[in-house]
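Quick note on labels: first sequence line is chain A, next is B, and so on, each numbered from 1.
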Amino acid sequence: MIPGKYRSVSGRATNNVEFKLNKDTPSFPGRLLQHDLERNYSSRQGDGRVISPSPRSKSSCISSTTNVTELYGLEMKTATSSLSAFGDSSIQTSSKSRIRQGCHSAGPNVSGDHINLVSSSMPSFPILQRSSEEKILYSDRLTLERQKLTVCPIIDGEEHLRLLNFQHNFITRIQNISNLQRLIFLDLYDNQIEEISGLSTLRSLRVLLLGKNRIKKISNLENLKSLDVLDLHGNQITKIENVNHLCDLRVLNLARNLLSHVDNLNGLDSLTELNLRHNQITFVRDVDNLPCLQRLFLSFNNISSFDNVSCLADSTSLSDITFDGNPIAQESWYKHTILQNMMQLRQLDMKRITEEERRMASILAKKEEEKKRENQKQSLLKEKKRLTINNVARKWDLQQRVANIVTAQDRKDSDSPSQDPCQIDGSHISASPEETGSLDSGLTSALQGLSVIDSHLVELDGDTLSLYGSGALESLDRNWSAQTAGMVTTVSFTFIEFDEIVQVLPKLKIKFPNSLHLKFRETNLVMLQQFNALAQLRRIDQLTIDPQGNPVVNFTLWKYYVLFRLSHFSMQKINGTEVTQNDMIMAERLFGILAHVASSELPQYRLISILGDARKKQFRYLLETKGKKPGIVNEENNDSKRLIGENTNRATLNYTTRDFYNERLEEIKEKKKFCKMYIEDLVKEATEINMKNEALQKLWPQMFIELVRDAVIEIRNKNSYMKLCLQQITDQK
Amino acid sequence: MLSPERLALPDYEYLAQRHVLTYMEDAVCQLLENKEDISQYGIARFFTEYFNSVCQGTHILFREFSFIQATPHNRASFLRAFWRCFRTVGKNGDLLTMKEYHCLLQLLCPDFPLELTQKAARIVLMDDAMDCLMSFSDFLFAFQIQFYYSEFLDSVAAIYQDLLSGKNPNTVIVPTSSSGQHRQRQVLGEASMEGVEASLFYQCLENLCDRHKYSCPPPALVKEVLSNVQRLTFYGFLVALSKHHGINQALGALPDKGDLMHGPSLDEELERLLVPRSPGLIQLGHASPEASWPAFPDPSRLAPLEALHHIPENDGSTEETDD
């Protein structure tokens, strides 16, 4: 393949230029490739050797002419050594003898005879003339290597020249060669040229070597339509441009330039080899527009991801590529990603790709893909979680605001008529409820709109169960496996009304028997008494109440109250702070009396009813599950007995959720109504009786006297009374 | 029932006025509420306990607000219970916010309205900076006035507003000529002085006390409060009331300010509670005569009576409910 390239080059150069040599010596193209890839050279020279037809071994012969070239303006014959060298130029090893021969024949001693470098009419340009002998011998080639030339000499009478070599001079500008219209090969390697110019007439030029110069821009190549090889390595080119017309170009060397990216490559329809080593390329585009590209060298650039070179995957012709010295080559996925994406590849980083590697690559790629998918799933879940939490938070926020407005309204409604002596402005008071009312309805409708989306989130992460949103509490009804549930030691509640949490605490106690750490955030803990509800749990080691959304934490006494009320748990940490003995004593000092008063001064019947209430509440749930799990219920019974035994004097301090409490108040109201009527009736009856009694008491003395008087009057006449009595007796008979 | 006033009223009204009906109703209500429990140890026993606890003032513990505020006796009992339970907080020297005091109140009465606490805090803070910290005694005495005389203060506030806006709510009592003078003077003084004129204010209040059916502070003491100043604001008046020694005594629920932190029997109790935890660590207040509250027999004195029934009943009921 590689020799073939040059064979065809020479084939197209339809004349007697000795490209034939290349055919005969496969070592040359081999060497070309070797240099090209700089396998062994890291110096700049490595790139410089790309196509140079003159082997280094010749320098010894050339050096002899250096003394001559210093004399610019003088008429002298110089540097003919190169001329003689030319014929052997591309032969490195196989025809060494000929090189030497050339050296001898065109050695320094001879050069003076054959070539005249004379100053022209314009003093600055030397004029080169060769002897006719030379001309005949090397009619189509001319080598002016290492002549310390600072300008191109005027080459007279050499119109048939096909090959011109100016290697290793100090030429700053391409000049005086426009008459060499047959030129096919022009070598200006290692000069000081700053701009490509003066080539517009060289229409048949096929090989242009401008390596190691100072060119900043690719330009002025418009007429070089048959260019086959273009070497611009070791310049200062920052971007690829003005090459789109070079449809015959097969080799382009841009190594060691300042390219930051690769694109604008369309039109290079014959390009088979592209060397871009040692640039600062971060991305590659357009490579898929090169139908013949087989070798692409991207070593030592700044490519860090495959996405930046993804167009390579679309190239069908590419068979050889290098990426070594790029960040991408350090990645673990490098090799298999490349292989997976570029099935057509035969060599990667100068190594043949085996079937095995390819198989491995596809397996790895599959794994990678899976992992990626998994990651994506994870991040999707994460995102969903974030969204849900946001949503829950928003809903919570709205709820809170609605609640606030409602209570504010209630308060205003209740006290606006008289209470607040400072609110003189009556109109203001009457206006505000309306205002808040409308706002209220607006918020409520927004709330309903939101509820369409996920309104809660349950997350089990290791030993932590996190619940977001009140809906999440329902998850406690789920069938948790004993193992999972047993693992959970931390339960965190966020965006849930504490009163709702209270209702599920018995469930929590049963389902997650090992939960020791409770976290509350945005749960609307506002009162100390709410902590009473936690007393019914089995055990709490740690309690974390986030100040956010829990105003109770702002109280100076809250911690002591918690310690006091939950003293039977002997908690270790509250809000991450270790509980000390002093804290416990302080808590006892502050609230011990309350417990004492509550337990010892409460009338017996109330004590029973309050304790009973607490337990009834606990049992409500237990009764529901009784049928299923009698064992647990029994255990619970013992548990609650123990709990009350531990803690009699503070068990009276319990918490009923607001709804439940209101319900109870309602009940009490009913009862009260009845009692009121009942007592009213009773008292009325009693007072009536009392009144009658009193009236009777008042009348009685008088009545008694009257009765006695009547009786006395009746029996005053003894005889007649007797008669009357007898009469009555006989009548009865 | 032996008071001579009794003869002036029909029995029913008399009972109602003395709140006997309230307690009877409540007793029956409680009986209904706890039918099962009470039936185990006898209805007579229940009534004994109930009225005993009413006498001791412990009947209001953890009761609903509507009951707690139903009678002056209940109110006084609640004040006293509050003082007894949280005296230690004051003793500790903590300054608390209105909200925190409210929480403490709610520990004793779950549905205690925030509004009342707010009003009490307004008295302490002179109606501004409601988030400020207050000392226990300041709050307690302000709360006492606000809670015990709640309805009275509402009426006073209305009168005060009327006076401020130039109306005289008691035109019948106050001679028109003088009221006219007052008004003029008030208009003149308003630019430089805050509040209302004290003597006029007192006249209105005296009248109010006469016809007020709720409890109000003794008019003589109100007069005393008002006689010290020329003019005063509403909150100035309330502050003066809350700080007035005599009114506190007349109310009879709380000890004098100086003795507020004392309470030997409770301290002993507390010490007893703390001893198992930390022997010798706590030395609470020393004994002082606890004589100034005749309305409340010390519950410890009644202890033997309760002790008779205490233990067996407790055990029985615990087992019952556990089943």
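No side-chain donor-acceptor contact under 3.5 Å links E64(B) to the backbone of L665(A). Under the 3.5 Å distance criterion, the side-chain polar atoms of E100(B) are matched with a main-chain donor or acceptor of L557(A).
With contacts defined as side-chain heavy-atom distances shorter than 4.5 Å, the pair T58(B)/L602(A) does not qualify. In this structure, L594(A) and L108(B) have side chains that are in contact, with non-hydrogen atoms separated by less than 4.5 Å. L107(B) is listed as a side-chain neighbour of Y561(A), based on a closest heavy-atom distance under 4.5 Å. Contact check for T88(B) versus R589(A): no side-chain heavy atoms found under the 4.5 Å cut-off.
Your options are S155(B), P110(B), A27(B), and the one with the most heavy-atom pairs under 4.5 Å with chain A is P110(B).
At a 4.5 Å heavy-atom cutoff, the contact between M586(A) and chain B is made by side-chain atoms alone. Of the two parts of L682(A), neither the backbone nor the side chain holds a non-hydrogen atom closer than 4.5 Å to a non-hydrogen atom of chain B. Contacts of V526(A) with chain B are made by backbone atoms alone, with heavy-atom separations under 4.5 Å and no side-chain atom involved. Within the 4.5 angstrom heavy-atom criterion, no atom of Y560(A) approaches chain B.
Between E25(B) and K672(A), no side-chain nitrogen of the basic residue sits less than 4.0 Å from a carboxylate oxygen of the acidic one, so the salt-bridge criterion is not met.
Under the side-chain hydrogen bond (donor to acceptor under 3.5 Å, both in side chains) criterion, Y661(A) pairs with D111(B), sequence neighbours left out.
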Show, in sequence, the C-alpha distance, side-chain angles and deciding distance for Q56(B) and E601(A), and conclude whether the side-chain contact (heavy atoms from CB on, under 4.5 Å) test is met. CA-CA 9 Å; Q56(B) 288 166 32; E601(A) 297 186 10; 5.6 Å; no

